[in-house]
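Step one of this worksheet: look at the structure below.
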Amino acid sequence: MTVKNDIVLWDNGREKLCLLTVPNEHQYKYIEGVSCITFGISYENMNFKGCDTFTLFDHFYSNIVNEIESTYTSLNGSFRIYDVGADTDGYIEFVMKNGKLSVKGQLGSSFSSHSLMFEFEADQTLIGTLLQEITF
């Protein structure tokens with residue numbers, strides 16, 4: 001399973017964060033018969049662009065959706081999305097304090113020849129869009 005459509009989560013004219021669909025043939029199947037969701041995340045600014053693919057198993061997916069909902073409704077909290085496999089140490093972390101959102105992450109593996117670390121500030125609309133797109 002993957003997200004329904006590519007969607008821009010944040011674009012302030014300088015930085016852009018997107019949620020991407022992943023074709024079935026590119027979805028990694030960690031454990032046969034265990035449900036999971038696979039999606040891509042891309043980040044770009046005026047100088048750099050990177051993307052990574054994340055797969056979340058059912059139990060982790062349910063927990064992350066609850067954390068996103070809690071953060072979104074209270075305008076305070078944090079959550080971290082990371083791939084559950086050993087093939088990447090990429091992540092994206094969201095920390096919200098009083099409606100101000102800090103996003104930082106790493107796309108691609110630190111042990112590979114290409115990875116991108118980034119950090120930017122946004123508002124709660126980013127989390128609302130993310131929640132809407134990954135909730136089925």
Side-chain angles (χ1 to χ4, degrees):
M1 176 170 52
T2 188
V3 296
K4 297 174 198 162
N5 301 302
D6 292 353
I7 187 85
V8 175
L9 296 173
W10 182 256
D11 187 351
N12 64 4
R14 294 182 317 272
E15 298 158 308
K16 187 176 185 179
L17 186 71
C18 298
L19 190 65
L20 309 172
T21 60
V22 176
N24 279 339
E25 62 271 13
H26 296 286
Q27 293 182 29
Y28 190 79
K29 308 290 190 258
Y30 290 97
I31 301 172
E32 194 63 38
V34 175
S35 298
C36 60
I37 181 172
T38 301
F39 55 87
I41 296 276
S42 72
Y43 169 82
E44 65 181 286
N45 62 24
M46 294 172 49
N47 299 311
F48 300 100
K49 182 176 182 177
C51 64
D52 203 351
T53 301
F54 296 88
T55 299
L56 310 177
F57 291 119
D58 270 350
H59 64 280
F60 183 66
Y61 170 75
S62 299
N63 290 341
I64 203 71
V65 167
N66 290 336
E67 290 175 9
I68 295 170
E69 287 175 339
S70 175
T71 300
Y72 184 65
T73 56
S74 70
L75 299 180
N76 287 290
S78 64
F79 58 94
R80 182 180 178 121
I81 296 173
Y82 58 92
D83 191 83
V84 294
D87 56 342
T88 184
D89 57 353
Y91 69 93
I92 184 165
E93 183 173 69
F94 303 83
V95 178
M96 185 177 295
K97 293 182 184 175
N98 301 319
K100 292 187 176 190
L101 180 64
S102 173
V103 181
K104 69 178 179 178
Q106 173 185 304
L107 300 177
S109 303
S110 61
F111 49 83
S112 72
S113 59
H114 302 288
S115 66
L116 174 68
M117 295 186 80
F118 63 92
E119 188 170 349
F120 66 95
E121 292 187 3
D123 61 37
Q124 73 273 15
T125 60
L126 187 156
I127 293 178
T129 305
L130 174 64
L131 185 59
Q132 180 180 343
E133 293 301 320
I134 68 167
T135 305
F136 298 103

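Closest of all the heavy-atom pairs between Asp52 and Gly108 is OD2-N, 2.9 Å. For Ile127 against Met96, the heavy-atom pair with the smallest separation is CD1-CE, 3.3 Å. Summarising the geometry of Cys18 relative to Val8, their closest heavy-atom pair is SG-CG2, 3.9 Å, with the distance given to 0.1 Å.
Between Leu101 atom CG and Asn76 atom CG the span is 11.0 Å, to the nearest 0.5 Å. Interatomic distance, CG of Asn66 versus OG1 of Thr71, reported as 10.5 Å (0.5 Å rounding). In this structure, the separation between CD on Glu133 and CG on Asn5 is 6.5 Å, given to the nearest 0.5 Å. Distance CG/Leu116 to CD/Glu44: 10.5 Å, rounded to 0.5 Å. The line from CD1 of Ile68 to CD of Gln132 is 12.5 Å long, rounded to the nearest 0.5 Å. Summarising the geometry, atom CD belonging to Glu67 is positioned 12.0 Å from atom CZ belonging to Arg80; distances are rounded to the nearest 0.5 Å.
In this structure, Thr73 has no side chain to side chain contact (heavy atoms under 4.5 Å, CB included) partners at least two apart in sequence or on a different chain. Qualifying side chain to side chain contact (heavy atoms under 4.5 Å, CB included) partners for Asn45, counting only residues two or more places apart in sequence or in other chains: Glu15, Tyr43, Asn47, Phe48. A search for ring-ring contact (aromatic ring centres under 6.0 Å, His included) contacts involving Tyr72 returns nothing, not counting sequence neighbours. Not counting sequence neighbours, the partners of Thr21 by the side-chain hydrogen bond (donor to acceptor under 3.5 Å, both in side chains) test are Asp6. In this structure, Phe39 has no ring-ring contact (aromatic ring centres under 6.0 Å, His included) partners at least two apart in sequence or on a different chain. Residues satisfying the side chain to side chain contact (heavy atoms under 4.5 Å, CB included) test with Cys51, not counting sequence neighbours, are Ser42.
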Practice item. Run the numbers on Leu107 and Phe118 for side chain to side chain contact (heavy atoms under 4.5 Å, CB included), then give the verdict. Key: CA-CA 8 Å; Leu107 300 177; Phe118 63 92; 3.7 Å; yes
**Study point:** Trace of the side chain to side chain contact (heavy atoms under 4.5 Å, CB included) decision for Val103 with Trp10
**Key:** CA-CA 11 Å; Val103 181; Trp10 182 256; over 6 Å; no
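Of the N and O atoms on the side chains of Thr55 and Thr38, at least one donor lies less than 3.5 Å from an acceptor on the other residue.
Side-chain contact check for Leu126 versus Phe94: some heavy-atom pair is nearer than 4.5 Å. Put simply, the side chain of Leu131 reaches to within 4.5 Å of the side chain of Val65, judged on heavy atoms. For the pair Ile81/Leu130, a side-chain contact is recorded, criterion being any heavy-atom separation below 4.5 Å from C-beta on. Residues Leu56 and Ile134 fail the side-chain proximity criterion, which asks for heavy atoms closer than 4.5 Å.
Ring geometry for Phe60 against Tyr82 counts as tilted: the plane angle lies between 30° and 60°, on a 0 to 90° scale.
Within the structure, every pair that satisfies the salt bridge (charged side-chain N to carboxylate O under 4.0 Å, His left out) test and touches residues 96-123, not counting sequence neighbours, is listed here: Glu93-Lys104.
The hydrophobic clustering, which links ILVMFWY residues whose side-chain heavy atoms are closer than 4.5 Å, places Leu20 and Ile41 apart. The cluster map of Ile, Leu, Val, Met, Phe, Trp and Tyr, joined by side-chain heavy atoms under 4.5 Å apart, puts Met117 and Phe54 in the same cluster.
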